[in-house]
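Small disclaimer: the values here were computed from a predicted structure and weren't measured.
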Amino acid sequence: MMKKNWISKFSLIFSISRRFASADRTSRASVTSRLSLLGICFGVMTLIVVTSVMNGFQMSFIDAILETQSYHIQVEEGSGELSGADGAELEQKLSQHCKDSKLLRALTPFYQAQTLMCSVPNPPDFAGGKISSSSSAIFESPAVIRGIPAESYYEDEGFRKEIILLQGSFDLSGRGGIILGNTLAHNLKVRVGDQVNLFVLSGSSDVELFSGQRLLTVKGIFATGYQEINASMCFINLEDAALYFGKDAKKTWGIKVYNTAQVERELRALTKLLEGYGAKISSWKEYNKSFYGALRIEKNMLLLVVCLIFVVVAINIYNAMRRLVFERQREIAILSALGARTKEIQAIFITRGFYTGLLGSAAGLLLGIIISLNTNAVFNGASKIVYFFQYLFTAVFSRENLMYIKENSTYSIYANIPARIFKSEVIMIFIFGIISPLAACFFASKNVLKSTLAEVLHNE
C-alpha cells in the first residue's frame, strides 16, 4: 500500500513538472532551459573527448615504459646473498608462479648496466679516388644496455607491440648482436651491419671500466612511443650480458600483469612467496615517479579547467530556476493550499533539473563516445575546415601570401593519437553531468513557499 502511495506521488510530481515545462515553452525560462541542456550536453561531450584523447596521449608513453623498460613488477637478486643454486631455485619459483597465476602474463629475466657507447670507424672509402672523412669519425653516446633472452621479442606480445622495427630484425639468437633505439643509432651515426663498442661499462669488480674490445654488431633499429627509450635503450643477448657485466651482476626478473589494478595484490603474493631469498621486489610506480606525477597533474588541471563548463551551466540553471519559482508563485500557493507539502512542491522543480541533466548527459555521452572513437576523422576534418577558411580569407585580403598557406600539422599529430575510453571516467562524467543541474535546482527551490495563497490572490 505504501509502495503504491509512493508511486502515485512520484507520478503526480512528474506530471506537474512536465506541465510546467510544456507551459513554459515560449517563455524566457524555456530558452534558458534549452541552453542549459545544450551546455550539459556539450560539457559532457567535451570532457569525454578530452579525457579520452589525454588518456591515449599519456598511455602511449606509459605503455612504452611498462612494456619495454620498467615492467609492472621487478624482482632483483639480493646483494651477494644468493648462491648459484639459490638463484636457480628463485627463478624456478618465479617461473612456476607465473604459470600458475591467472594475473600474470609475462616473466622476463634480464641484466642491465650503463655504458658509454661509441661507433667503430668503418674502413676508409676509396670509391672515386677520394677518402670519405666521415668514415673514420667516432661518435659517442651514453646508453642503458639490457640483456634479455633471445626469444623475448616473440614470446612477449606486449613487448613486440611496442617495439617498432625500423631497420633489420630483432634477432638476438647469435652472440655479438645488439638492437639500438633509433635516436641512439642516429647519435652514433650507425646503421644495421655497423659495429659499436661498449667503451665505458659499469659492472662488477672483474669488469674493465674502459675497453676497446667489447664490439657488437647492430642487428636492428627500433622506435617506441617514448623518446627517452629511443635515445637511451639498447638490447643484447642474455648470455652476452652475463659475459660483459661480470660475475657479480645482479639478475632481475620483469613481471607483467594483465590488469594494473592487481599489482598490489601480486606484490603481496610475491613477498610471501620469496620470503627468505633476500630479493628486492618493487612495482612500476617506483620508477619514473616524477614523470607519472607530471602526467597526473597535467590531466587533473585540464579536467579542472573543462569542469568549469558545468559550473557556468549550474549557475545559469540556478538563476533560471529562481526566476521560474518566482513566476510560479501562484501555482505553488494553490498546490500548498490543496495540501501539497513543501518537499513535494520542491520535488517538482528538482525533477525538472534531473530531466535536464539526464537528457543532456545522455546526449553528451553518445556524442562524446562517437567522437572519441573517430578522432582521426574529426581532427582531419577540423584541419581541412581551418585550412579552407584560412585559404579563403587570404585569397580575399592577401592573395600574394597564398603560397604560404598550409594545413596545420598539429591536427595530424592529434589525429594519430589513439583515444582511450575508460569506463570509470565516463561513468563519473555522466553522473556529474546529472548532479550539477540537480544540485542547482535543489538550492534554487529551497524557498518555494515565500508567499501564502492569500498574499498571491491579494497581489492578483
Side-chain angles (χ1 to χ4, degrees), residues 3-52 303-304 306-325 327-328 331-332 335 340-374 419 421-446 448:
K3 185 177 179 181
K4 289 184 178 179
N5 189 29
W6 182 83
I7 294 174
S8 62
K9 281 185 179 181
F10 179 79
S11 178
L12 179 62
I13 289 170
F14 183 78
S15 178
I16 296 173
S17 177
R18 190 173 58 179
R19 286 292 300 272
F20 279 7
S22 61
D24 292 332
R25 283 179 182 173
T26 58
S27 66
R28 184 178 176 183
S30 175
V31 176
T32 307
S33 177
R34 290 173 183 174
L35 290 176
S36 300
L37 192 147
L38 288 175
I40 294 293
C41 173
F42 287 114
V44 171
M45 179 195 72
T46 304
L47 265 178
I48 291 176
V49 173
V50 167
T51 54
S52 299
L303 288 178
L304 181 62
V306 178
C307 279
L308 292 177
I309 297 174
F310 289 111
V311 176
V312 174
V313 172
I315 292 173
N316 289 336
I317 293 175
Y318 175 82
N319 293 328
M321 192 57 62
R322 288 289 298 269
R323 187 185 303 112
L324 181 62
V325 170
E327 292 174 355
R328 292 294 177 183
E331 288 83 355
I332 292 171
L335 287 171
R341 299 176 183 176
T342 303
K343 291 184 178 180
E344 293 172 347
I345 299 173
Q346 188 179 4
I348 295 172
F349 299 96
I350 294 176
T351 301
R352 187 165 181 178
F354 175 76
Y355 175 77
T356 300
L358 181 62
L359 189 61
S361 297
L365 176 67
L366 182 62
L367 289 174
I369 292 176
I370 291 175
I371 293 175
S372 297
L373 294 177
N374 298 276
I421 302 174
F422 294 158
K423 292 181 181 179
S424 57
E425 293 181 349
V426 171
I427 293 172
M428 182 188 68
I429 293 170
F430 180 76
I431 293 175
F432 191 71
I434 296 175
I435 289 176
S436 57
L438 201 61
C441 291
F442 172 77
F443 289 109
S445 60
K446 286 188 72 173
V448 291

Could you pull out the closest heavy-atom pair between Gly368 and Val49, with the gap in Å? O-CG2, 3.8 Å

Candidate list Leu366, Ile429, Val426, test side chain to side chain contact (heavy atoms under 4.5 Å, CB included), partner Val44, passing option: Ile429

Contact summary for Ala362 and Phe430, nearest pair of heavy atoms: N-CE1, 3.6 Å

Name all residues meeting the side chain to side chain contact (heavy atoms under 4.5 Å, CB included) criterion together with Ile369; count only those two or more places apart in sequence or in a different chain, and write none if there are none. Leu365, Leu373, Ile421

Pairs involving residues 38-52, ordered by first then second residue, that meet side chain to side chain donor-acceptor pair (under 3.5 Å) (sequence neighbours left out): Ser52-Ser372

Using side chain to side chain contact (heavy atoms under 4.5 Å, CB included) as the criterion, list what pairs up with Ile427, not counting sequence neighbours. Ile431

Please, which pairs that meet salt bridge (charged side-chain N to carboxylate O under 4.0 Å, His left out) have at least one residue in residues 435-445, sequence neighbours excluded? none

If every non-hydrogen atom of Leu367 is compared with every non-hydrogen atom of Cys41, which pair is closest and at what distance? CD1-SG, 3.9 Å

What residues form a ring-ring contact (aromatic ring centres under 6.0 Å, His included) with Phe432, not counting sequence neighbours? Phe310

Sequence neighbours excluded, every pair satisfying salt bridge (charged side-chain N to carboxylate O under 4.0 Å, His left out) that has a member inside residues 422-443: Lys299-Glu425

With salt bridge (charged side-chain N to carboxylate O under 4.0 Å, His left out) as the rule and sequence neighbours excluded, what pairs involving residues 310-319 come up? none

Any side-chain heavy atom of Phe354 sitting closer than 4.5 Å to one from Ile435? no

So which atom in Ser436 and which in Gly433 form the shortest heavy-atom distance, rounded to 0.1 Å? OG-O, 3.5 Å

Which value, rounded to the nearest 0.5 Å, describes the distance between Leu359 atom CG and Ile434 atom CD1? 10.5 Å

